[in-house]
Visitor: 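One structure, pasted below without further comment.
From a predicted model like this one, the values you see are computed outputs, not experimental measurements.
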Amino acid sequence: MQQVSTREGAETIAIQALGFIASDPDLLPRFLAITGIEASAIRHAAQEPGFLAGVLQFVLAHEPTLLGFCEASGIAPGEVAKALRQLPLGDDSHQTSI
């Protein structure tokens, strides 16, 4: 099982998750509909801060998708959640106030 401890490792997991989504004829349309991104704009959107965190949030939000990705990639579900926290806009700090 792959473990994530760096931002680069987290980005790798998120990119793998994006590939998993893109290769699934049922997941890709759902991802595009939920995010509002057109398929032709994914490359451009991927350069935006928070995009990779959004990919992992999409995967984590649906247990069958998470388990399918984990089985295909050999990454434990907990590592996907850890990866999310390593990415820009992937933590919960936006929900706290001072």
Visitor: What pair of heavy atoms forms the shortest contact from A10 to A83, and how long is it?
Guide: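 So the minimum-distance heavy-atom pair works out to CB-O, 3.3 Å.
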
Visitor: Can you name the side-chain contact (heavy atoms from CB on, under 4.5 Å) partners of A17, sequence neighbours left out?
Guide: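 A17 satisfies side-chain contact (heavy atoms from CB on, under 4.5 Å) with V55, L56, V59, F69 once adjacent residues are dropped.
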
Visitor: Starting at CG of L60, measure out to OG1 of T65 and round the result to the nearest 0.5 Å.
Guide: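 The distance works out to 10.0 Å.
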
Visitor: Report all side-chain donor-acceptor pairs from residues 42-51 shorter than 3.5 Å, counting only partners two or more places apart or in another chain.
Guide:
none

Visitor: Would you name the heavy atoms of A53 and P88 that are closest together and state the gap between them?
Guide: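 Here A53 and P88 meet closest at CB-O, 3.5 Å.
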
Visitor: Taking all non-hydrogen atoms of both residues into account, name the closest pair between L87 and R7 and its distance.
Guide: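 L87 and R7 have their closest heavy atoms at CD2-O, 4.3 Å.
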
Visitor: If you round to the nearest 0.5 Å, how far is CD1 of I21 from CG of D24?
Guide: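 If I round to the nearest 0.5 Å, the distance is 9.0 Å.
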
Visitor: Can you name the residues that form a side-chain contact (heavy atoms from CB on, under 4.5 Å) with I15, not counting sequence neighbours?
Guide: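 Only L52 meet the side-chain contact (heavy atoms from CB on, under 4.5 Å) criterion with I15.
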
Visitor: Does any non-hydrogen side-chain atom of F58 lie less than 4.5 Å from one of I34?
Guide: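 When only atoms from C-beta onward are counted, F58 and I34 do touch, with a gap below 4.5 Å.
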
Visitor: Could you check if a side-chain atom of Q16 sits within less than 4.5 angstrom of a side-chain atom of I75, using non-hydrogen atoms only?
Guide: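 Result yes, sub-4.5 Å side-chain heavy-atom pair found.
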
Visitor: Apply side-chain contact (heavy atoms from CB on, under 4.5 Å) to P29 and list each qualifying residue two or more places apart in sequence or on a separate chain.
Guide: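 Partners of P29 by the side-chain contact (heavy atoms from CB on, under 4.5 Å) criterion come out as none, since no residue qualifies.
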
Visitor: When rounded to the nearest 0.5 angstrom, what is the spacing between CG in L32 and CD in E38?
Guide: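 CD of E38 is found 9.0 Å from CG of L32.
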
Visitor: Minimum heavy-atom separation for A22 and L28, please, with both atom names.
Guide: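 Here A22 and L28 meet closest at O-CD2, 3.9 Å.
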
Visitor: What I'd like to find out is whether the side chain of H62 reaches to under 4.5 Å of the side chain of R30, using heavy atoms alone.
Guide: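 In short, these two side chains touch, coming nearer than 4.5 Å.
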
